[in-house]
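Notes for the one structure printed next.
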Amino acid sequence: MNNILKATTSEAYNLMHQGTLALARAERTGLRVDMKYCEKKKIILTKKINHLENEFFETNFYKRWNHVFKEKVDIQSNTQLSTYLYKVMKLTTSYETKSGQGATDENALQQLNIPELNLLLQIRKLKKIRDTYLEGFIREQVDGVIHPSFNLHLVKTFRSSSDRPNFQNMPKRDKEAMDIVRSCIYPLKGHQMLEADFSGVEFRIAGCYYKDPTMLKYINDPKSDIHGDIASKAFMIKNFSKEEHGYFRSAAKNGFVFPELYGSWYKSCASNLMFEWGKVPKTSKFKPDLGVEIEGSCMSDYMMKKGFTHFEHYEEHIKTVENYFWNDIFKTGKDYQNSLYKEYQKVGYVESYTGFRFYGPMSLNNVLNYPIQGAAFHCLLWSLINVDKFIRENNLNSRIIGQIHDSLVMSIDPNERDYLLPIIRRIMTQDIRKVWDWIITPLDIEMEIAPVDHNWTFMKKINF
DNA sequence: GGAACTCGCCAC
DNA sequence: AAACGTGGCGAGTTCC
C-alpha cells in the first residue's frame with residue numbers, strides 16, 4: 001500500500017507491553033474520591049427517588065399496572081412494562097428490541113406521550129446515577145482512592161476497556177448526572193485535574209487509511225467542516241453556522257458521517273437523524289408539535305416547513321445526500337472501502353498501521369471499522385507511554401491517572417504545569433508523527449484544566 | 001442458587 | 001446480501 005510503512009507485529013507487541021506497564025502505574029496512582037460528598041448525595045438521591053416513586057404509585061397508570069401483576073408488580077421490570085403497554089393497553093410499539101419484545105427505552109416511552117412515563121424515566125435516571133456510579137465509587141474505593149483498571153487485552157479492535165469502576169463512561173452530556181458524579185473525583189492533593197484530548201482523531205486516522213483527497217482537504221483546512229456541510233444538506237440549512245446549528249451538526253456527525261464511513265446506508269442514516277429528534281415517530285406522516293424545540297418550533301414542524309410530508313419522503317432525501325457523499329466528494333474513499341473488503345476476503349485478515357492483525361469472520365462494517373478504531377486509540381496509547389516516560393525520567397510529581405480512548409487524564413503539580421503542558425502537546429502532535437510516518441494528517445489536541453484541589457466538574461479550556 | 005442471558009444506558 | 005463500531009455494569013429474567 002503506497003510507500004507508507006506499517007508497524008511490524010513486534011512493534012505492536014511493544015506497544016502492548018509498554019502500554020500495560022504505563023497503565024499499571026496510572027492504576028496505582030488512582031483518583032481521590034470525596035466519600036463524604038458521595039454518601040451525602042446518595043441519601044439525597046434516595047429521598048428524591050422515594051418521592052418520585054410515591055408520586056408514581058398514586059397514578060391510575062400504576063394502579064392498573066399493579067392490578068395486572070398483583071403481588072409480583074415491579075416498576076423496575078421492563079418485561080412487565082412492555083407487557084403492560086403493548087399487550088394489556090394494546091398501544092402500538094414504535095419499535096422492538098432484538099428479541100422482538102416491544103421496546104421500553106427512553107425514546108420508545110417518549111413516543112407514547114404518556115405523562116406518567118416521564119416519572120418512570122426520571123426514576124431510572126436517578127437510580128443509574130446512584131446505583132452504577134456512586135455505589136461503584138463506594139464499593140471500589142480504598143482509603144478514599146479508586147483505582148480503575150485499564151485493559152488492553154479484551155477489545156476486538158485492540159482499543160482499551162476499563163472496569164472496577166469503569167472510568168471510561170462517567171456521565172458528561174447530562175448536566176445533572178455529570179455534576180453529581182464528577183464532583184466526587186479529585187486529583188492528587190495540591191494538584192490540578194488535566195485532560196488532553198485529541199481533536200477528531202478518528203476522522204483524521206480514517207483519512208490516513210482512506211487517502212481520499214477531499215477527505216484530506218477537509219482535515220487539512222481547519223476552517224472547513226464536513227459535519228457542518230453534511231448537516232446543511234441533510235437538514236436543508238442555507239446559511240449554516242456551527243454556533244447556531246450545533247444541534248444539527250452533531251446529528252449529522254453521529255447519525256450520518258461516521259455511520260457511512262463504517263458501512264451504514266441511507267435508510268439507517270435517515271432513521272439515525274430522525275432518532276436525534278426525540279419524539280418524532282420514525283414511520284408514517286409528520287404531525288405537528290413533535291420532537292425537540294428548535295428555531296422556535298418543534299422538529300416535526302421544521303420538517304413540514306421544509307416540504308417533507310412522510311418519513312419515507314425524508315429517506316429519499318438522505319439517499320441523495322449519500323449519493324453526494326460517496327459519488328461526488330469521497331469517490332476515492334468508496335474505492336478504498338471496496339478494495340479493503342476484497343483484500344480481506346482474499347487473505348482472511350486486515351491490518352492496522354500500528355502492526356495489529358484482525359483475523360476471524362468479520363462483516364464489511366467490522367473490516368472498515370477495526371483498523372481505524374484501533375489505530376486511533378494507539379495514538380493515545382503511544383502518547384501516554386511517552387508522557388509517562390518523560391515524567392519518570394525527569395522525576396516529576398505530576399501523574400497520569402486515566403485515559404478515555406482519545407484523551408489523557410492527569411494530575412498536574414501546579415509548579416510543573418507551565419513546563420509540562422507544552423511537552424504533552426509536543427509529544428501528542430509532533431513526536432508521534434516522527435515515529436509513525438503513516439500519520440499523513442496533522443494531529444491536534446485540546447487541553448482542559450481545573451484549579452488546584454478542585455474536582456472534575458471545574459474543567460476549563462487552556463491554551464498551551 | 002448461580003450462570004448466562006436480555007434490556008437499558010453511560011462513554012468514546 | 002446486508003446495512004456504523006467498541007466497551008462495562010445494574011437489574012430483571014431464564015435456565016439448569
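In what follows, chains are A, B, ... by sequence order, proteins preceding strands, each numbered from 1. Note that the coordinates shown come from a computational prediction; the quantities given were computed from them, not determined experimentally.
- Trp438(A) and Tyr209(A) have tilted rings, their planes meeting at an angle from 30° to 60° on a 0 to 90° scale.
- Within 4.0 Å of Leu154(A), counting heavy atoms only, lie sugar-phosphate atoms of the nucleic acid but no base atom.
- Tyr370(A) comes within 4.0 angstrom of the backbone, heavy atoms only, and of no base.
- Glu260(A) comes within contact range of no nucleotide atom at all, as no heavy-atom separation falls under 4.0 Å.
- The shortest distance between the side-chain N/O atoms of Thr79(A) and the OP1/OP2 oxygens of dT6(B) is not below 4.0 Å.
- Between Leu380(A) atom CG and dT6(C) atom P there is a gap of 20 Å when expressed in whole angstrom units.
- Ring planes of Trp456(A) and Phe167(A): parallel class, angle under 30° (limits at 30 and 60°).
- Look at OH on Tyr341(A): it is 12 Å from C1' on dA3(C), rounded to the nearest Å.
- The Lys98(A) side chain lies nearest to dC7(B) when the options are dC7(B), dG10(C), dG8(B).
- Between Phe61(A) and Trp65(A), the two ring planes are perpendicular [angle over 60°; tilted spans 30° to 60°].
- Between Gln373(A) and dG5(C) there is no side-chain N or O to OP1 or OP2 distance below 4.0 Å.
- One can place NZ of Lys253(A) at 14 Å from P of dA11(B), the figure rounded to the nearest angstrom.
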side-chain hydrogen bond (donor to acceptor under 3.5 Å, both in side chains) between Asn107(A) and Gln111(A), intermediate numbers included: CA-CA 6 Å; Asn107(A) 200 273; Gln111(A) 291 191 25; 2.8 Å; yes

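- Ring orientation note: the planes of Phe248(A) and His245(A) are tilted relative to one another, at an angle of 30° to 60°.
- On a pure distance criterion of 3.5 Å, no polar donor-acceptor pair joins the side chain of Arg124(A) and the base of dC9(B).
- Listed pair Ser268(A) / dC4(C) meets the phosphate criterion, a side-chain N or O lying under 4.0 Å from OP1 or OP2.
- As judged by a 4.0 angstrom heavy-atom cut-off over every strand, Asn369(A) is placed among residues touching the sugar-phosphate backbone only.
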Q) Can you check ring pair (Phe, Tyr, Trp, His ring centres under 6.0 Å) on Tyr336(A) and Trp326(A), steps first, answer last? A) CA-CA 11 Å; Tyr336(A) 163 80; Trp326(A) 289 120; 9.8 Å; no

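- Applying the 4.0 Å criterion to OP1 and OP2 of dA3(C), one finds that Ser264(A) has every side-chain N and O outside that range.
- A close approach under 4.0 Å does not occur between any side-chain nitrogen or oxygen of Thr132(A) and OP1 or OP2 of dC10(B).
- What separates CZ of Phe256(A) from C1' of dA3(C) is a distance of 13 Å, to the nearest Å.
- We find that CZ of Phe150(A) is positioned 17 Å from P of dG7(C), with the value rounded to whole Å.
- Counting non-hydrogen atoms under 4.0 angstrom, Gln101(A) reaches the backbone sugars and phosphates but no base.
- The side-chain ring of Trp265(A) is stacked on the base of dA3(C), judged by centre separation under 5.5 angstrom and plane angle under 30 degrees.
- Straight-line distance from the NZ atom of Lys175(A) to the C1' atom of dC10(B): 18 Å, rounded to whole Å.
- Here Ser160(A) lies out of heavy-atom contact (under 4.0 Å) with every strand.
- Summarising the geometry, the separation between CD1 on Ile205(A) and C1' on dC12(B) is reported as 15 Å, rounded to the nearest angstrom.
- Residue Asn365(A) places at least one side-chain N or O closer than 4.0 Å to OP1 or OP2 of dG5(C).
- Nearest to the side-chain atoms of Asn166(A) among the listed nucleotides dG7(C), dG5(C), dA3(C) stands dG7(C).
- Taking only side-chain nitrogens and oxygens, Asn366(A) comes nearer than 4.0 Å to OP1 or OP2 of dT6(C).
- Nucleic acid contact for Ala177(A): none, since no nucleic acid atom lies under 4.0 Å from a heavy atom of the residue.
- The shortest distance between the side-chain N/O atoms of Arg173(A) and the OP1/OP2 oxygens of dA11(B) is below 4.0 Å.
- Phe377(A) comes within 4.0 angstrom of no nucleic acid atom, judged by non-hydrogen atoms across all strands.
- Contact annotation for Thr104(A): backbone-only contact, meaning every heavy-atom pair under 4.0 Å involves sugar-phosphate atoms and none involves a base.
- Across all strands shown, Arg130(A) has no heavy atoms under 4.0 Å from either base or sugar-phosphate atoms.
- What separates CG of Asp131(A) from P of dG8(B) is a distance of 18 Å, to the nearest Å.
- In the interface, the side chain of Lys128(A) is not paired with the base of dC10(B) through any donor and acceptor atom under 3.5 Å apart.
- Checking dG12(C), dG8(C), dT6(C) against the side-chain heavy atoms of Val155(A) singles out dT6(C) as nearest.
- Between Tyr218(A) and Phe330(A), the ring planes are perpendicular. Angles over 60° get that label, and only those under 30° would be called parallel.
- Put simply, Lys267(A) has no side-chain N or O that comes within less than 4.0 Å of OP1 or OP2 on dA2(C).
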